Amino acid sequence: MSEWDTIRLEIEDDVATLTVDRPDRLNAVNVATLTAMKEALAEAAEQEAQVVVLTGAGEDAFVAGADIGYMQDLSTPEAQAYAELGHEVADAFETFPGPTIAAINGYAFGGGCELALACDLRVASENAVLGQTEIDLGIVPGWGGTQRLARLVGDELARRLVFFGERVDAQDAHEMGLVGDVVAHDQLDGYVADMAADLAAKPTYALEAAKEALNQVQEGDLDSGLRYERRLWSSLFGTHDQREGMEAFVEDREPEFE
Ligand code: COA
């Protein structure tokens, strides 16, 4: 049923699997990909999928982040629009009526980690590496990471991950509570498929109510936190360190920050 260039959507037995499919860019997500993801989630809801699985194509990456090549010359208003789109997609996973599972099959950096954070559950393969790595590009997490990470792993660990931009392997991520399970790489798809099938077999309305109630725990200041984050994130575009951090990545050299 796929109708998009950079993602695939398959719906079978009430489970929708959304695969980000840009392996030559390690599944980094650009505007077209985010827009497609939004449309695909709407389609999954319309088709009454009860569970959504998010994963990445190929053997190496879940989602290696927001597209740095696209971001490098953004102005603050353009960055604001990109942040809003990223937030819309993350929110769509968070508010999808049924459970969403991130099957983290490889790199999940920056925006990729944030999309995983917006899912209800996270399962990582032994090959997975996760991180909010934005600091080394001269920016901060901008798709909900500063808010959702702290809520999931606690304030101290979130600060460490965001300040240092540390890249953590699946086992460490599990110990931090960043992922719920770690499984052998070649067993990830089957493991997540079983999990999704178990969830799809649960009473639909009860499961949806459970999710809605659990989401309520995170209410309160989240919206203002997310608005604050969007403002801050986009204000960094145009700074020397943002330009330099992204240019250095694109040119494959070490950045020289101010
Ligand atoms: N945006 C755009 N392109 C990206 C990307 C991103 N977030 N992550 C990887 N790519 C591209 C690379 O530029 C490279 O393109 P090229 O073949 O045209 O040179 C291709 O994907 C493969 O990546 P490469 O760096 O060569 O692979 P690697 O195995 O040596 O390293 C990573 C993989 C994930 C460790 C490394 O690509 C990386 O650190 N990516 C950036 C992660 C990041 O900071 N994400 C946060 C963004 S908000």
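Just so it is clear, the structure is predicted and the values come from calculations on it, not from any experiment. Whatever order the structure lists ligands and atoms in, that order sets their numbers, starting from 1.
At the top of the distance list for atom 1 (N) of ligand 1, counting protein heavy atoms only, stands I68 N, 2.9 Å. The protein atom (non-hydrogen) at minimum distance from atom 36 (C) of ligand 1 is F249 CE1, 4.4 Å. Counting protein heavy atoms only, atom 10 (N) of ligand 1 is closest to R25 O, 3.8 Å. Summary of contacts: the protein heavy atom closest to atom 7 (N) of ligand 1 is A66 O, 2.9 Å. The protein atom (non-hydrogen) at minimum distance from atom 23 (O) of ligand 1 is L26 CD1, 3.4 Å.
Comparing heavy-atom distances from atom 45 (N) of ligand 1 across G110, P23, A64 singles out A64 as nearest. For atom 43 (C) of ligand 1, the choice among D136, T133, I139 with the nearest heavy atom turns out to be T133.
Side-chain N/O atoms of E78 and Q80 include no donor and acceptor closer than 3.5 Å. Looking only at atom types and distance, the side chain of D120 has a donor-acceptor partner in the side chain of T100 under 3.5 Å away. No hydrogens or angles considered: nothing links the side chains of T133 and D136 as a donor-acceptor pair under 3.5 Å.
For atom 48 (S) of ligand 1, the nearest protein heavy atom is under 4.0 Å away. Distance screen at 4.0 Å: atom 21 (O) of ligand 1 has a protein heavy-atom neighbour inside the cut-off. Less than 4.0 angstrom separates atom 30 (O) of ligand 1 from none of the non-hydrogen atoms of the protein.
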Exercise. Going through the checks in order, is the side chain to side chain contact (heavy atoms under 4.5 Å, CB included) test met by F62 and L130?
Worked result: CA-CA 9 Å; F62 171 71; L130 296 90; over 6 Å; no

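When the options R230, K38, R148 are evaluated for a salt bridge (Lys or Arg N to Asp or Glu O under 4.0 Å) with D91, the one that passes is R148.
Taking the six-membered ring wherever Trp is involved, the centroid distance between the rings of Y70 and Y82 falls below 6.0 Å.
Between W143 and W233, the ring planes lie tilted relative to each other; the angle falls in the 30° to 60° range.
Looking at G111 next to ligand 1, no N or O pair under 3.5 Å apart turns up. Residue G69 places no N or O, backbone or side chain, under 3.5 Å from any N or O of ligand 1.
N215 contributes a side-chain N or O that, together with a main-chain N or O of E94, makes up a donor-acceptor pair within less than 3.5 Å.
Remark: ligand 1 atoms within the under-4.0 Å shell around heavy atoms of D24 are 20 (C), 21 (O). Atoms of ligand 1 found under 4.0 Å from any heavy atom of R167 (numbered from 1 in listed order, with element): 35 (C), 38 (C), 39 (O), 44 (O). Near Y107, with a cut-off below 4.0 Å to any heavy atom, the atoms of ligand 1 are 29 (O), 33 (C), 34 (C).
Rounded to the nearest 0.5 angstrom, M71 CE and I139 CD1 are separated by 4.5 Å.
With a 6.0 Å radius and a threshold of 12 heavy atoms from other residues, nucleotides or ligands, E175 has its CD atom above the threshold.
For Y70, the closest heavy-atom approach to ligand 1 does not fall below 4.0 Å.
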